[in-house]
Amino acid sequence: MKIDRSQRIPAPDFDLALTLDSGQTFHWEKAGAGFVGTIGDRATYVEQRGSVLKVHEGEPPSPTGRRPALPRVVARYFALDHPLGKICASFPNDPVMQTASNYCRGLRIMRQPRWECLATFITSSMKQVAHIRQISRILRRRFGEPRWLGEETIYVYPTPNRIAQLREDDLRECALGYRAKNLLATARMVSDGRVDLEQLARLSDDNLRAQLCKLPGVGAKVANCVMLFAYERLHAFPIDVWIERVLRQKYFPRRRKLRAGELRDFAASHFGVHGGYAQQYLFHHARKTTPRRLSVRPR
DNA sequence: CTCCAGGGATGAT
DNA sequence: ATCATCCATGGA
């Protein structure tokens, strides 16, 4: 008979499914009543029951040294310590923000591994979330190390060293298109030590952004995503096509001409010290409530 | 079929 | 600084 190895973690003010569907990570998949995925190199099952998470993990591939206990790893990954009440209370009191805030109750900005977050957002340029997920799945299955979780195999995100060994064509075969060159070049910079992603955590927001933007395939938007999702810079405000649409339509409906710089300055000042959280709520609300265009058009 | 997607790099104003 | 153009791919 099977032993229930699951552990329980208190998780108030948290919505697991909402958080995993919000376009931060791209690899978690539904499994039974919960989700399976990796947290760093650990294959993990997570299931929410009310305000408690049930978690268990797969066996490590080989005898390993002592590792942090899984509940602490999960709690840190999902940022269960973020004071969500205070964060939401810091949002501006305008109807657009309040609607998004109410819609996204329990959504948390996760603490992702640096390389994994950087690499996936390099592959995200001009891609829908569904396709970013597909690219992540292919890269993991082809180049990532396997882990076993019960009956199923989970793949860790490939390391910078592994990607750096590949040829551009290997990545193009993973449907990366023009992004292949950028992912490869950035992987080689991280792999050979020209950039130390962990050391970058010391830098101020502006210096961190500047350093990230030196990496091939990283501009302001991707840099802000990586700052927000992997460096805990909760003021970073990525502006993608969805957010730009929201800002222009909801906050500047009568301004035909509006420079990108003006949008950036408005976002930085209007949404408060946790602007990144506000941005994520606006993004997810817009993406989930904007009706898809009907497929059949008159001719 | 067309339109669009969690953009970046480059070159011209 | 700001804008135009190109870059691959596949879902809807």
Side-chain angles (χ1 to χ4, degrees), chain A residues 18-28 100 104 107 109-110 112 116-139 168-187 189 209-231 233 236-249 255-268 271 275-299:
Chain A
L18 176 65
T19 298
L20 291 181
D21 189 38
S22 68
Q24 299 183 58
T25 62
F26 303 91
H27 69 285
W28 289 89
C104 296
L107 199 173
I109 303 286
M110 300 161 59
Q112 295 186 44
E116 179 179 321
C117 181
L118 171 63
T120 56
F121 276 96
I122 286 174
T123 68
S124 77
S125 125
M126 290 301 295
K127 280 296 180 189
Q128 297 180 135
V129 170
H131 197 217
I132 302 168
R133 292 179 61 88
Q134 182 187 339
I135 291 172
S136 171
R137 189 161 49 245
I138 297 172
L139 288 175
E168 184 179 328
D169 283 347
D170 296 327
L171 292 174
R172 282 187 178 260
E173 288 174 6
C174 301
L176 278 168
Y178 64 86
R179 305 155 194 84
K181 182 191 297 284
N182 292 330
L183 180 61
L184 181 59
T186 293
M189 291 181 68
R209 186 179 296 104
Q211 292 303 312
L212 289 172
C213 285
K214 289 181 177 177
L215 301 171
V218 180
K221 189 270 174 183
V222 169
N224 279 320
C225 283
V226 175
M227 290 173 64
L228 181 59
F229 300 141
Y231 286 89
R233 307 304 170 100
F237 197 101
I239 298 180
D240 72 327
V241 291
W242 287 95
I243 288 296
E244 178 163 357
R245 204 176 294 145
V246 170
L247 294 183
R248 287 181 183 277
Q249 292 180 356
R255 290 275 313 263
R256 184 66 186 88
K257 295 287 188 182
L258 187 63
R259 312 205 181 283
E262 300 183 71
L263 266 188
R264 177 176 48 73
D265 294 343
F266 168 76
F271 293 101
Y277 254 98
Q279 177 276 159
Q280 186 63 14
Y281 284 20
L282 292 171
F283 170 80
H284 190 254
H285 176 256
R287 206 168 70 85
K288 290 300 177 180
T289 60
T290 303
R292 291 286 114 205
R293 192 157 31 118
L294 297 179
S295 57
V296 180
R297 316 190 310 156
R299 61 186 162 106

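Chain A is the first sequence line, chain B the second, and so forth, proteins listed ahead of strands; every chain is numbered from 1.
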Considering residues at least two apart in sequence or located in another chain, which fulfil the side-chain hydrogen bond (donor to acceptor under 3.5 Å, both in side chains) criterion with [X]?
X      : value
A:Y231 : none
A:H27  : A:T38, A:R140
A:D21  : A:K288
A:R172 : A:E168

task = Could you list all the side-chain hydrogen bond (donor to acceptor under 3.5 Å, both in side chains) pairs where at least one residue sits in residues 209-227 of chain A, not counting sequence neighbours?
result =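 For residues 209-227 of chain A, and leaving out neighbouring residues, the side-chain hydrogen bond (donor to acceptor under 3.5 Å, both in side chains) pairs sorted by first residue read A:D206-A:R209, A:R209-A:N224.
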Distance-only donor-acceptor test, A:R259 side-chain atoms vs C:dA1 base atoms, 3.5 Å =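 In this structure, the two groups form no donor-acceptor pair.
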ask   = Nearest nucleotide by nearest heavy atom, which residue falls closer to the 5' end of DNA chain B, A:I243 or A:L215?
value =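 The residue closer to the strand's 5' end, by nearest nucleotide, is A:I243.
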ask   = Taking the nucleotide of DNA chain B with the closest heavy atom to each, which residue, A:C213 or A:A130, is nearer the 5' end?
value =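 Result: A:A130.
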Measure from the side chain of [X], starting at C-beta and using heavy atoms only, and say which of [options] lies closest.
X      : options              : answer
A:W242 : B:dG7, B:dA5, C:dA8  : B:dA5
A:D240 : B:dG7, C:dT9, B:dA5  : B:dG7
A:Y178 : C:dC7, C:dG11, B:dA5 : C:dC7
A:K127 : C:dT9, C:dC7, B:dA5  : C:dT9
A:A175 : C:dC3, C:dT9, B:dA5  : C:dT9

ask   = Within the pair A:R245 and B:dA5, is there a side-chain N or O less than 4.0 Å away from OP1 or OP2?
value =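 Affirmative; the distance criterion is met.
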ask   = Does A:Q134 put a side-chain nitrogen or oxygen below 4.0 Å from OP1 or OP2 of C:dG11?
value =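 Indeed, a polar side-chain atom of A:Q134 lies that close.
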Could you state the [atom1]-[atom2] distance from [X] to [N], rounded to the nearest angstrom?
X      : N      : atom1 : atom2 : result
A:E244 : B:dG8  : CD    : P     : 12 Å
A:R179 : C:dC6  : CZ    : P     : 17 Å
A:K181 : B:dT10 : NZ    : P     : 11 Å
A:N182 : C:dT9  : CG    : P     : 14 Å
A:E168 : C:dT9  : CD    : P     : 11 Å
A:M126 : C:dG11 : CE    : P     : 16 Å
A:I132 : B:dC4  : CD1   : P     : 18 Å
A:H131 : C:dA8  : NE2   : C1'   : 9 Å

request  = With sequence neighbours excluded, tell me which residues meet ring pair (Phe, Tyr, Trp, His ring centres under 6.0 Å) with A:H285.
outcome  =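 Once residues adjacent in sequence are excluded, the partners of A:H285 under the ring pair (Phe, Tyr, Trp, His ring centres under 6.0 Å) criterion are A:Y103.
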Partner set under ring pair (Phe, Tyr, Trp, His ring centres under 6.0 Å) for A:F266, not counting sequence neighbours =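 For A:F266, the residues satisfying ring pair (Phe, Tyr, Trp, His ring centres under 6.0 Å) (neighbours in sequence not counted) are A:Y251, A:F252, A:H270, A:F271.
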Reckon [X] touches a base, only the sugar-phosphate, or nothing at all at heavy-atom distances under 4.0 Å?
X      : result
A:I122 : nothing
A:S22  : base
A:G217 : sugar-phosphate
A:I239 : nothing
A:R172 : sugar-phosphate

key: Each stem that DNA chain C is part of, given as range with range (3 or more consecutive Watson-Crick or G-U pairs, under 3.5 Å)   =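 Stem list for DNA chain C: B:2-5 with C:9-12, B:7-13 with C:1-7.
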task = Could you check which residues of residues 218-230 of chain A get a heavy atom under 4.0 Å from DNA chain B? Sort them by number, please.
result =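 Only A:V218, A:G219, A:A220, A:K221, A:V222, A:F229 qualify.
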task = List in chain and number order the residues that pass side chain to side chain contact (heavy atoms under 4.5 Å, CB included) with A:M126, two or more places apart in sequence or in another chain; answer none if no residue qualifies.
result =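 Here the qualifying residues are A:Y178, A:R179.
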ask   = Is the backbone N or O of A:L183 less than 3.5 Å from a side-chain atom of A:T186, with the two atoms forming a donor-acceptor pair by type?
value =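 No, the answer is negative, given that no donor and acceptor are paired below the 3.5 Å cut-off.
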key: Main-chain N/O of A:I109 paired to A:Q280 side chain as donor or acceptor, under 3.5 Å   =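 Side chain of A:Q280 to backbone of A:I109: no pair is present.
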inquiry  = I need the A:E116 CD to A:L139 CG distance, nearest 0.5 Å.
reply    =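 Here the rounded value is 11.0 Å.
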task = Enumerate the residue pairs fulfilling salt bridge (charged side-chain N to carboxylate O under 4.0 Å, His left out) with a member in residues 126-136 of chain A, sequence neighbours excluded, ordered by first and then second residue.
result =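 For residues 126-136 of chain A, and leaving out neighbouring residues, there are no salt bridge (charged side-chain N to carboxylate O under 4.0 Å, His left out) pairs at all.
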query = Under 6.0 Å between the ring centres of A:F121 and A:F26?
reply =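 Here the rings of A:F26 and A:F121 have centres that are less than 6.0 Å from each other.
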Would you tabulate the pairs of protein nitrogen or oxygen atoms and nucleotide nitrogen or oxygen atoms of nucleotides 11-13 of chain B closer than 3.5 angstrom?
none

